Amino acid sequence: MTRLSQYFLPTEKQPPADAEALSHKLLVRAGMIRQVGAGLWSWLPAGWRVHQKAVQIVREELDAIGAQEMLMPVLNPAELWQKSGRYDAIGGELFRLKDRRGADMVLAMTHEEVVTSHVAQVVRSYRDLPLILYHFQTKERDEPRPRAGVLRTREFIMKDSYTFDRDAAGLDVGYDKHREAYDRIFDRCGLEWYRVDSDVGMMGGTGAHEYMAPCPAGENDVALAPGYAANVEVASATPQPVELPEALDAPEEFSTPGATTIEAVATLAGVPAGALIKAYPIIVGEDELRLVLVRGDHKVNDIKLGNALGASFRPAHEAEFEDRIGPAGFIGPVGVSGVPILLDAALDGHSYIAGANKADAHLRGVDPARDFEFTQVDVRSVVAGDTVDGHEIRIEPAIEIGNIFKLGTRYSVPLGATYLDEDGQSHPIWMGSYGIGPARICAAAVEQFADEKGISWPRSLAPFDIHLVGLGKPGTDEAALADKLYDELRALGLDVIYDDREGGPGAKFADAELLGCPLRLTIGKRTIEAGEIEAQVRRGRETRSVPLEGAAEAAHELWKTLP
RNA sequence: CGGGGCGUGGCGCAGCCUGGUUAGCGCGCGUGCUUUGGGAGCACGAGGUCCCCGGUUCGAAUCCGGGCGCCCCGACCA
C-alpha cells in the first residue's frame, strides 16, 4: 500500500519545538519517526523502510565475507555478565532487573557475553575456526543523556558481529575482512565517511577503528589531513612551532604576583602562551602523585594520558601536591623530587617559563633536557593547524556510524571459550567485535544531504525510488495516466510512493521534497498537453522531462543514474 | 550528576508577571461550494483533565509547595 491517500505519513510544516539537530527536525517533519519518551523512538512506515534499506546493505556485505546471521536475546541472565566482569564494571548504563523468581537479569547493551558463551560450548577444535557470527538486535542502554532525535537513544538496533580465531594473526584476517566490508557498506549507503584510528577504551583491546560520518550534529571530533584520519581522542600531530625566548645558562626566577593563569604569566612576560610549561598534577591509582607537563597553549588529553599511563588517574587536589611540589598556580618541574614527571613531546625547546614552586614567582630559561628528569610522552590534544607529514589538520564534528575492534581474549578467557590445537593444546579463542548503527546511518544521510526543502536520500537508502505526484482529480485523463504509470513503474521493480491525495500541487510538491525520494514524477494536465512528464531530481532539485511514450522505462533509466 | 529552559486541542504559540465572563491565535482536521503546476478562498463545525498532586483564595492556566515529564549545555558514553 503505497498510495499516499492511505499511507501513514504524518508530515508537519513545523519542526518540534525542542528539536535542535537537523536530522531530528526533518525525520519528524517528514513523518518518519515519532518520539515515545526520552531516547525512545518509533519508526513510522516510511522511516522504517529507510532503516531496513540500511540493514539490508549491511546484511549483504557481511554475508559476502562469510558471516552467519543469527539472533540472540536482549534479556540476559546476570550470571553471564558477572562472569565477564561487566556486571560490576559498568555503571548505571546497564539496565538491571529481576525476573518473577527474583533472579538477577540484565538487558543486553551488546552481545559479547552471549555469543562467547555459545562459542565456548560449541567450538572444541581449531578445525571449527575461524568463525564469524552476527545479528541485528535491539540494544538497551540507560544513556545519561539521550539526544538529537535518533542519534543517541536508549534503545536502538545494532548490527553486531563477532569473529573467532585461533590467534592474533587470525584475528587480523577477520578484522581486515570487516574493514573491507565496512568500507563497501558505507560507500553503498552513499555517505561521506572516514575510517579513523580510535581509542580502545575500557574494553582493553589491541586495536580499533571507528567509521565517522562528518556532519554538524556529530558528537565526536575527528582530526583530518590528507592521508590521515583519527578521532581527536587519540590523534597525534606535529605541533605548530612557537617562538621561545633566548636560552639562559640556568633558570632565572622572576616575580609574577597573582599570575596564576597561563594567560596572565604570558602577558606579564611578554611571550606567547606556547613559551610556557603548563603543569598538571595527577594521582595515578590510589595515591601516586605525578606531574604532567604540556605546552602552555596545549591541553592535556585525558584519554591519551590514560593510555600512556596504562592506569586510571584523576587530577590531584591542591592539598595533595602543595607540600611536595608547590602552591597551585605556581607549580613547575624544577627542583621537584620524588614526583615522576611526564613531559609532552611538544615541549622540545630549551627555554620555557615554568612555575617556581613558590607563590608569586616563575622561572624563565627552563630547559627540560638540562633542568629536570622526565619521561617523554604524547598526551596533548591536537588542534587545528597542527601538521601530519607536513599537511595541516582540520578538526570536524562527526557521527560515529560504526566501529571495528580487536578484542583479543578479553571475553574468551572469563567465559571459557577455548579450542584444542593440532597438538591437543588448549588455547583461548581470539575475538573481534564489530558494530554498526543503522539508525545513525539514516540520521547521517539526512544531515549530510538535506537542503532547505527537506531530506535528499541517497538512492540506496530512500524509502521509495520514485515519488509520483498525481495532480488530476479522480475521473480525469491525468488521473488515469498517473494510475497507469504507477502500475508500470512497479512492474519494473521500482518502489513507488504515489501521491493520489486530493489537494493542491504546492502541498504535494512540498511533501515530496520533504520526504526526499531521489526522483519525483508529476502528472497533470500539462503532461498530456505537452506529451512529456516532468521529472525532478531531488539532489539539486533539477527538473528534466521524460517523453510520455515509454515514460516508465525512461524514468527507470534516469533513476539508475542518480546518486 | 551539575547548570539552564520548557510543559496550554494533532503541530507551533499567546494568555501567567498584575487571579475574575464561555481559555485565544496560526497551521492541521470534518462538511459544503469555489479553486487545481509551488503549502488556495469562503462559510459552517469538531476537538482542551491548561503535566500531576496538594495548598492559598469567594474564585487558580495564572500565586505557593511538592512531584513527574521533556529539551539544551556540560560531565558521562561498554
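Chain A is the first sequence line, chain B the second, and so forth, proteins listed ahead of strands; every chain is numbered from 1. Keep in mind it's a predicted model, so treat the numbers as computed, not measured.
- Look at B/C58: its Watson-Crick or wobble partner, with both distances under 3.5 angstrom, is B/G20.
- Figure legend: cation-pi geometry between A/Lys406 and A/Tyr175, with NZ or CZ positioned under 6.0 Å from the six-membered ring centre and within 45° of its axis.
- Taking the six-membered ring for Trp and the full ring otherwise, A/Phe464 and A/Tyr7 have centroids separated by under 6.0 Å.
- For A/Glu263, the CD atom counts as loosely surrounded, since its 6.0 Å shell holds 12 or fewer non-hydrogen atoms of other residues, nucleotides or ligands.
- In summary, of the residues considered (A/Phe136, A/Trp43, A/Phe156), a ring pair (Phe, Tyr, Trp, His ring centres under 6.0 Å) with A/His51 occurs for A/Trp43 alone.
- Mapping A/Arg141 and A/Arg29 onto RNA chain B by nearest heavy atom places A/Arg29 closer to the 5' end of the strand.
- The nearest heavy atom of RNA chain B to A/Pro15 and to A/Val36 marks one nucleotide each, and the one closer to the 5' end goes with A/Pro15.
- Looking at A/Gln448, A/Arg440, A/Glu447 one by one, the single match for side chain to side chain donor-acceptor pair (under 3.5 Å) with A/Ser23 turns out to be A/Glu447.
- Looking at A/Glu513, its side chain comes within 3.5 Å of the base of B/G38 through a donor and an acceptor atom.
- Remark: P of B/A40 and CG of A/Asp511 are 11 Å apart, rounded to the nearest angstrom.
- The CD atom of A/Glu502 sits 14 Å away from the P atom of B/U36 (whole-angstrom rounding).
- When each of B/G38, B/G12, B/A78 is scored by its nearest atom to the side-chain atoms of A/Pro16, the top-ranked nucleotide is B/G12.
- Atom NZ in A/Lys508 sits roughly 9 Å away from atom C1' in B/U36 (whole-Å rounding).
- Inter-residue side-chain proximity for A/Val383 and A/Asp297 is flagged as unmet; no heavy-atom pair is nearer than 4.5 Å.
- Distance from the side chain of A/Lys13 is smallest for B/G39 among the nucleotides B/A78, B/G39, B/G38.
- B/U21 and B/C16 have their P atoms separated by 13 Å, with the value rounded to a whole Å.
- Of the nucleotides present, B/U34 is the one that pairs with B/A40 by Watson-Crick or G-U wobble criteria, both distances under 3.5 Å.
- Using Watson-Crick or G-U wobble geometry with both donor-acceptor distances under 3.5 Å, B/A78 finds no partner in any strand shown.
- Look at the C1' atom in both B/C51 and B/A61: the space between them is 12 Å, to the nearest Å.
- Residue A/Lys473 is in base contact, counting any heavy-atom pair closer than 4.0 Å across all strands shown.
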Please tabulate, one pair per line, each protein N/O and nucleotide N/O from nucleotides 71-76 of chain B that are separated by under 3.5 Å, including the distance.
| unit_1 | atom_1 | unit_2 | atom_2 | d |
| --- | --- | --- | --- | --- |
| B/C71 | OP1 | A/Gln35 | NE2 | 2.9 |
| B/C71 | O2' | A/Asp18 | O | 3.1 |
| B/C72 | OP1 | A/Ala148 | N | 3.3 |
| B/C73 | OP2 | A/Arg145 | NH1 | 3.3 |
| B/C73 | OP2 | A/Arg145 | NH2 | 2.4 |

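- In this structure, A/Pro10 reaches neither bases nor backbone, as no heavy-atom distance under 4.0 Å exists between it and the strands shown.
- Straight-line distance between the P atoms of B/C25 and B/C71: roughly 31 Å, to the nearest whole Å.
- Taking atom P in both B/U62 and B/G26, the straight-line distance is 25 Å, to the nearest Å.
- Note that A/Arg141 lies outside the cation-pi zone of A/Phe95, set by a 6.0 Å cut-off to the ring centre and a 45° limit from the axis.
- Judged by Watson-Crick or G-U wobble contacts below 3.5 Å, the nucleotide B/A46 has no partner.
- Rounding to whole angstrom units, CG of residue A/Leu94 and P of B/A78 are separated by 13 Å.
- Atom pair A/Lys453:NZ and B/G39:P shows a separation of 9 Å (rounding to whole Å applied).
- One P atom belongs to B/U8, the other to B/A14, and the distance between them is 11 Å to the nearest Å.
- Spacing between B/G67 and B/G3 at atom P, rounded to whole Å, works out to 14 Å.
- The local environment of CD in A/Gln82 is crowded, with over 12 non-hydrogen atoms from other residues, nucleotides or ligands closer than 6.0 Å.
- At a threshold of 4.0 angstrom between heavy atoms, the contacts of A/Glu113 with the nucleic acid are absent.
- Atom-to-atom, CG of A/Leu107 to P of B/A78 comes out at 19 Å; the value is rounded to the nearest Å.
- Checking B/G2 for Watson-Crick or G-U wobble geometry (two distances, each under 3.5 Å) identifies B/C73 as its partner.
- Rounded to whole Å, atom C1' of B/C11 lies 6 Å from atom CD of A/Gln14.
- Counting non-hydrogen atoms under 4.0 angstrom, A/Arg154 reaches nothing in the nucleic acid.
- Under the 6.0 Å distance and 45° angle rule, A/Arg195 does not count as a cation-pi partner of A/Tyr182.
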